[in-house]
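Report on the following structure.
Chain naming here is simple, since letters A, B, ... match the order of the sequence lines and numbering starts at 1 in each.
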Protein chains: 2
Amino acid sequence: MNKDRPYSALVQRLKAAGLRPTRQRLALAKLLFEPQSGGDRHITAEQLHAEAVAEAVRVSLATVYNSLHQFTGAGLLREVVVEPGRSYFDTNVSDHHHFYFEDGGRLQDIPGEQVHLEGLPNPPEGTRVARIDVIVRLSDGESEAS
Amino acid sequence: MNKDRPYSALVQRLKAAGLRPTRQRLALAKLLFEPQSGGDRHITAEQLHAEAVAEAVRVSLATVYNSLHQFTGAGLLREVVVEPGRSYFDTNVSDHHHFYFEDGGRLQDIPGEQVHLEGLPNPPEGTRVARIDVIVRLSDGESEAS
DNA sequence: ATACTTGCAAATCGTTTGCAATACC
DNA sequence: GGTATTGCAAACGATTTGCAAGTAT
């Protein structure tokens, strides 16, 4: 139907990633990378699917999973594992860390530059550091005054 | 039958945790806390079940799951999430971090004392830090000479 | 035209649960 | 004896897959 919206930037992004800009990938990319709410997103496949459906985008859950993995493989997303049995996808692919609100299961970015890790042993022979994840798990309750 | 093996230490440990020292819990505790290989363990439910079966211990997988969670609730184990859809249980419950070998899915402890984290923002209002997980993900390949 | 994508429904994986039989104190 | 625990098999939720139908280049 109407494919005249200014999807050009997203089209380029997908093409650059080696992915055909199909209707569903474009719609998902729009939800992910150009959210009305601005900023970065931490979302599960089910959540993204629900959003798509809510916006009358016809996409199957299977395609949402496929797309999320393709985007991740292309470096457009970063998968974050904090809970057994549930994967989050983060639109922020830069070096950074996370707060994880255990009650509610929400994630919040911690900019990578401001955090410094010291004293880590060198990676064992024959391996290299692919990535370092720091997850600060938060629970309800006041932090005690020291 | 023969319940005369020196399980006393384990029996005490279970009792102290408020858990009845049943045959299956004792056998699992022995595999977890007194491994022939010494040292701490990072194991999945399936792996532990396989070990038990291999040692002719009759335990159902469901009981292994139950026991692992009970042990975790009692502070005898620590659950580590590094991969979607798979939980590891760590017999080291002290403050420490992990190397994760992406190929092979093995975990290795990094003592907590030697690692220092600086620059973390304060936890948001009304929350407290329950725990901080640092996961150093390793992949095959030489670390580049700088 | 042709290879890549999609959707559906079935399959899979790890994990949990219901409930009768069983083991501990 | 009475309650906690176990085992089995069915139920589960998240994710994946097979394959025919649809779509991008």
**Message:** Less than 4.0 angstrom between a side-chain N/O of B:His69 and OP1 or OP2 of C:dT16, yes or no?
**Reply:** yes
**Prompt:** How many Å lie between CZ on B:Arg23 and P on D:dT6, as a whole number?
**Reply:** 9 Å
**Message:** Nearest heavy atom decides the nucleotide; on that basis, is B:Arg20 or B:Thr44 closer to the 5' end of DNA chain C?
**Reply:** B:Thr44
**Message:** If I take atom CD1 in residue B:Ile43 and atom P in nucleotide C:dT15, what distance separates them, rounded to the nearest angstrom?
**Reply:** 12 Å
**Prompt:** Hey, does B:Pro21 reach any base, or is it just sugar-phosphate, or nothing, if we go heavy atoms under 4.0 Å?
**Reply:** sugar-phosphate
**Asked** Are any side-chain N or O atoms of A:His96 and backbone N or O atoms of A:Gly112, one a donor and one an acceptor, separated by less than 3.5 Å?
**Response** no
**Message:** Quick check against the 3.5 Å criterion: does B:Arg41 have a side-chain atom that pairs as donor or acceptor with the backbone of B:Leu31?
**Reply:** yes
**Request:** Starting from C1' on D:dT5, measure out to CG on B:Leu26 and report it in whole angstrom.
**Result:** 13 Å
**Prompt:** In whole angstroms, how far is the C1' atom of D:dA14 from the CD atom of B:Glu83?
**Reply:** 15 Å
**Message:** Categorize B:His49 for me: base, sugar-phosphate, or nothing, with a 4.0 angstrom heavy-atom threshold over every strand shown.
**Reply:** nothing
**Request:** Report yes if a side-chain nitrogen or oxygen of A:Gln24 is closer than 4.0 Å to either non-bridging phosphate oxygen (OP1 or OP2) of C:dG7; otherwise report no.
**Result:** yes
**Request:** Let me know which of B:Ile43, B:Leu32, B:Asp90, B:Asn92 forms a side chain to side chain contact (heavy atoms under 4.5 Å, CB included) with B:Leu77.
**Result:** B:Leu32
**Asked** Mapping B:Tyr88 and A:Arg58 to their closest nucleotides on DNA chain C, which lands nearer the 5' end?
**Response** A:Arg58
**Message:** With a cut-off of less than 4.0 Å, is there a side-chain N or O of B:Arg86 near OP1 or OP2 of C:dG14?
**Reply:** yes
**Interatomic distance where CG belongs to B:Leu19 and C1' belongs to C:dC24 [whole Å]** = 13 Å
**Request:** Nearest whole angstrom, please: distance from the P of C:dG14 to the CG of B:Leu68.
**Result:** 15 Å
**Message:** If you compare every side-chain N and O of B:Thr22 against the phosphate oxygens of D:dT6 (OP1, OP2), does one of them come in below 4.0 Å?
**Reply:** yes
**Prompt:** Which whole-number value in Å describes the distance from A:Leu61 CG to C:dA9 C1'?
**Reply:** 12 Å
**Message:** I'd like to know if the side chain of A:Arg137 reaches the main chain of B:Asp133, judged simply by a donor and an acceptor atom lying under 3.5 Å from each other, with no hydrogens or angles considered.
**Reply:** no
**Asked** Taking only side-chain nitrogens and oxygens of A:Ser60, does any of them come within less than 4.0 Å of OP1 or OP2 of C:dG7?
**Response** yes
**Asked** Does B:Arg25 have a side-chain nitrogen or oxygen under 4.0 Å from the phosphate oxygens OP1 or OP2 of D:dT5?
**Response** yes
**Item:** Protein-nucleotide distance (B:Asn66, atom CG; D:dT5, atom P), rounded to Å
**Value:** 10 Å
**Request:** Identify whether any heavy atom of B:Ser87 sits under 4.0 Å from a base atom; if not, whether one sits that close to sugar-phosphate; answer base, sugar-phosphate or nothing.
**Result:** sugar-phosphate
**Request:** Indicate whether OP1 or OP2 belonging to C:dT15 is found under 4.0 Å from a side-chain N or O atom of B:Tyr65.
**Result:** yes
**Asked** Is there a donor-acceptor pair under 3.5 Å between the side chain of B:Arg58 and the backbone N or O of B:Ala52?
**Response** no
